[in-house]
Amino acid sequence: MMRKLFLIVLLIPTYVFSQEFGFKISYTMGSPESLYLMDDNRVYKITSTIDEIYVFKTGEQAKIYMKNINLNILPPINYQIGNAKIYLHESNSVTYYMNDSNLGSQGDIKSINDIVFTYANNSSWNNRSGVTGKLTKIGNTPITYHTASGKGGYRGKIKSVGDKNFIYEGWTGYGEKIGIVGKLIKIGDVKINYYKTDYDKGFQGKLKSIGAVKFNYYIENAINKKAGIVGKFKDQTGKDSRIVIYPFQL
């Protein structure tokens with residue numbers, strides 16, 4: 001019995017801090033405002049591109065931050081890395097790309113400590129997609145972007161970070177009508193769904209679920225219409241050990 005209890009205690013921290021992704025929801029509930037992705041001892045804050053990089057001393061510290069996104073434990077030193085900002089606990093050495101480097105990286109930071117940064121060059125595809133100068137590699141983690149043209153509304157957005165792929169809602173006339181074209185619908189193996197049917201009056205196009213976590217709204221009926229609350233957020237149900245949903249304000 002004691003051995004079983006000991007094993008359970010050992011497993012608890014692994015379960016509690018097993019989240020790969022964190023989601024901050026926009027106050028309109030239309031889509032994730034930003035997401036947080038853990039990569040060993042780093043955490044990336046991502047919208048349509050990588051906005052911020054937090055480099056912690058250990059992977060455990062990164063897990064703790066993912067659980068709370070607590071600003072009090074952010075590393076204190078920061079640098080601008082292309083379009084992103086990086087936060088670190090120490091800065092022992094910094095190198096820069098010089099004039100003989102590819103256009104898109106000249107004058108930008110090449111490395112901090114042992115982390116090397118690579119940027120998208122000024123190819124015609126990158127220029128048309130607004131990708132030139134964006135990070136394409138952080139240390140050993142590659143980053144790709146959608147550069148193909150089309151009506152999907154996700155050209156220039158992140159396509160992958162490491163082995164995590166980002167998939168967005170493609171163009172349809174109906175999707176455009178309810179405002180979901182170009183919204184993130186999958187990252188890694190976590191699916192993101194939106195309310196799409198004509199029965200979802202008042203919350204059509206709003207977040208329906210992220211993984212096993214569901215977002216519920218007040219449906220259209222006589223009582224709710226009279227109270228003026230049709231389509232307003234009601235509650236969040238379900239749990240998913242892969243993700244954490246950060247508290248939001250309406």
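All residue numbers in this chain count up from 1 along the given sequence.
For residues 48-72, the set of pairs meeting the ring-ring contact (aromatic ring centres under 6.0 Å, His included) definition, not counting sequence neighbours, comprises Tyr54-Tyr65, Tyr54-Tyr87, Phe56-Tyr65. The salt bridge (charged side-chain N to carboxylate O under 4.0 Å, His left out) analysis of residues 105-116, with sequence neighbours excluded, yields no pairs. Within the structure, the ring-ring contact (aromatic ring centres under 6.0 Å, His included) test picks out the following pairs touching residues 107-136 (sequence neighbours left out): Tyr97-Tyr119. Counting only residues at least two apart or in different chains, ring-ring contact (aromatic ring centres under 6.0 Å, His included) contacts with residues 161-187 comprise His146-Tyr168, Tyr154-Tyr168. Evaluation of the salt bridge (charged side-chain N to carboxylate O under 4.0 Å, His left out) test over residues 171-183, restricted to residues two or more places apart or in two chains, returns none.
In summary, the side chains of Thr144 and Ser160 do present a donor paired with an acceptor at a separation below 3.5 Å, with no hydrogens or angles considered.
Partners of Glu169 according to the salt bridge (charged side-chain N to carboxylate O under 4.0 Å, His left out) rule, which considers only residues two or more places apart in sequence or in another chain, are Lys196. With sequence neighbours left out, Asp163 forms a side chain to side chain donor-acceptor pair (under 3.5 Å) with no residue at all. The salt bridge (charged side-chain N to carboxylate O under 4.0 Å, His left out) check on Asp189 picks up Arg242, with sequence neighbours excluded. Taking Lys24 as the reference, nothing meets the salt bridge (charged side-chain N to carboxylate O under 4.0 Å, His left out) condition, with sequence neighbours excluded. Evaluation of the side chain to side chain donor-acceptor pair (under 3.5 Å) rule for Ser48 yields no partner, not counting sequence neighbours. Remark: Asn193 engages Ser209 in a side chain to side chain donor-acceptor pair (under 3.5 Å) (not counting sequence neighbours).
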Identify every side-chain donor-acceptor pair in residues 29-36 under 3.5 Å, counting partners at least two apart or on other chains, and give the distances.
none

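Atom CD1 of Ile210 and atom CZ of Phe215 lie 4.5 Å apart (nearest 0.5 Å). From Ile77, atom CD1 reaches atom CD1 of Ile112 across 9.5 Å, with rounding to the nearest 0.5 Å.
Ion pair Glu90/Lys57 not flagged as a salt bridge, since none of the NZ, NE, NH1 or NH2 atoms sits closer than 4.0 Å to an Asp/Glu carboxylate oxygen.
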